[in-house]
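All ligand and atom numbering here is 1-based and tracks the order in the structure. Only a predicted model underlies this, so the values are computations on that prediction, with no experimental measurement involved.
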Amino acid sequence: MSIELSKSRQLFDRAVTLIPGGVNSPVRAFKHVGGTPLFIESATGSRITDADGNMFVDFCQSWGPLILGHAHPQVVDAVVEAAKGGLSYGASHRREVELAELILSGFKGFERVRLMSSGTEAVMTALRIARGVTGRELVMKFEGGYHGHVDGMLVKAGSGLATFGTASSAGIPEDVARTTLVASLDDEEAVESLFKQYGERVAAVIIEPLPANNGLLIQRPDFIAFLRKITRKFGSLLIFDEVISGFRLGFGGYGQTIGIEPDLITLGKVIGGGMPIGAVIGRADTMEALSPLGAVYQAGTLSGNPVSLAAGIATLRLLKSEPVYQKVESLGRHFEENLKKSGVPYARTLRVGSIVWLYLDDGPFPRRHDTISERAVERFKGIYWELLEDGYYLPPSAYEVLFISFAHSLEEVEGLAESIVRNLRSARSDRTGKIE
Ligand SMILES: *Cc1c(COP(=O)(O)O)cnc(C)c1O
């Protein structure tokens, strides 16, 4: 290992005595790739610098919010200005109206937005609205989708003939897990048979229309259209969880790209420009089920926080005024082409705009989590630390997507492609990514 990591390691040694596993969110723990986490000291544009002074081109970008890159000057200025005017009011303010207008301007037919502090909260709220307006208890999710750490969403398919979910985390009451039905992605029949059995009790179906938390499992638009149809037929709501995809691929949601309109959409990440945020949007009649107008309770001391909203407003304004989506698309295409022309058959990526999944296998691209190739995962692990040594910081898991930002350059995506290909070719890539 040629990079110095002693300061990160010292910090990690202290962290593990203070914080469970040394991290405040489990995927940061480097369990998938071996070794211990880098401690980041600062970040600007496409680059992050760690505690030892190593600089990396960052393709994790905080897992999705930073479509403009780190510390975009106009976003930082907006945050500083807001902070000087008070960190939180617990009362109404102008930025709530401004961000609401900006968000809704991206979604035709959506009339109301409620802001909160995380994507998890947004999902929790959307599910509660669905149950409140339908008076039903069950919700359906898909294996391989991630919807934050809401109790009822930390559920996987039961074994054998069991159709109700079983908890995928300790600490979830069985009664809660049993209110979630789990279906397979890309499988109309599975959904149909669940609806046949439980349709009258299903409050909502929730799906990432572009599942991006277990690799990138691009769905057939027909499948999503089928969900729209069957939820209408049974009087259930369709919820698109667009916490990652919202404003990431265009000014609005992925649903519009495929021409399918859900009843509720959850947002987060990009709309906060790197600050904590979440949102639920929907038509007025559905959203007005929320308190104080309706009977569905939802609240938050820091909801609509002025500093978060300042970052979100600045970000969305720049998405309108700058050619962000064109640039990240062309960077993504360039990256893909460079991998392709290497001639290494498994140097491949699955990509929608700036969401890029390295899928290091030459077989068919998966549409479900259980068809992800083990070899692809092993190859990723095998080159992870080599990529770091070459100066590229990626999310530390083969199941996570890379994010290209407006701050990246052609040279940087080309460099990453070159590094991937070279390390795949070298024999070293056969060992698992352990340092030393
Ligand atoms: C990130 C994410 C969430 C959770 O958002 P947090 O802000 O981390 O709570 C929910 N759904 C999807 C699709 C996400 O990608």
Side-chain angles (χ1 to χ4, degrees), residues 23-29 60-67 99 103 113-130 139-156 168-169 180 182 185 204-219 224 227 238-249 252-255 257-258 262 264-281 298 300 302-305 307-309 311-312 315 352-357 369 395-397 399-403:
V23 293
N24 282 310
S25 196
V27 78
R28 299 178 196 167
C60 181
Q61 293 288 328
S62 191
W63 308 88
L66 304 176
I67 190 163
L99 186 60
I103 290 173
V113 52
R114 172 67 56 93
L115 296 171
M116 48 218 82
S117 299
S118 74
T120 294
E121 265 188 271
V123 167
M124 196 175 80
T125 302
L127 295 174
R128 191 177 301 143
I129 293 171
V139 297
M140 189 185 301
K141 73 173 286 259
F142 294 88
E143 197 83 79
Y146 178 69
H147 305 289
H149 66 109
V150 182
D151 276 0
M153 295 288 100
L154 294 179
V155 163
K156 57 182 192 294
S168 59
S169 159
T180 306
V182 184
L185 287 167
V205 170
I206 183 166
I207 187 169
E208 298 177 71
L210 180 66
N213 277 290
N214 238 297
L216 186 62
L217 304 172
I218 302 174
Q219 297 299 294
I224 311 285
L227 297 179
L238 180 62
I239 303 170
F240 280 178
D241 185 351
E242 299 229 38
V243 171
I244 280 193
S245 52
F247 294 97
R248 168 52 65 179
L249 306 162
Y254 181 72
T257 313
I258 55 173
L264 292 170
I265 298 175
T266 53
L267 297 167
K269 297 191 173 117
V270 170
I271 61 163
M275 298 289 287
I277 204 156
V280 180
I281 65 173
Q298 187 276 333
L302 296 178
S303 287
N305 175 268
V307 185
S308 283
L309 268 51
T315 299
V352 178
S354 57
I355 306 180
V356 180
W357 185 34
H369 81 295
S397 164
Y399 296 97
E400 300 290 346
V401 294
L402 281 59
F403 292 99

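With sequence neighbours excluded, no residue forms a ring-ring contact (aromatic ring centres under 6.0 Å, His included) with Y254. Partners of N214 by side chain to side chain donor-acceptor pair (under 3.5 Å), not counting sequence neighbours: none found. The side-chain contact (heavy atoms from CB on, under 4.5 Å) test applied to V356 returns F335, T349, R351, L402, I404, not counting sequence neighbours.
Near ligand 1, S118, G119, T120, Y146, H147, G148, E208, N213, D241, V243, I244, K269 each place a heavy atom less than 4.0 angstrom from the ligand.
The backbone N or O of G152 lies less than 3.5 Å from a partner atom in the side chain of T180, making a donor-acceptor pair. Panel note: side chain E242, backbone G255; a donor-acceptor pair is recorded below 3.5 Å.
Side-chain polar atoms of R128 and Q298 form no donor-acceptor pair below 3.5 angstrom.
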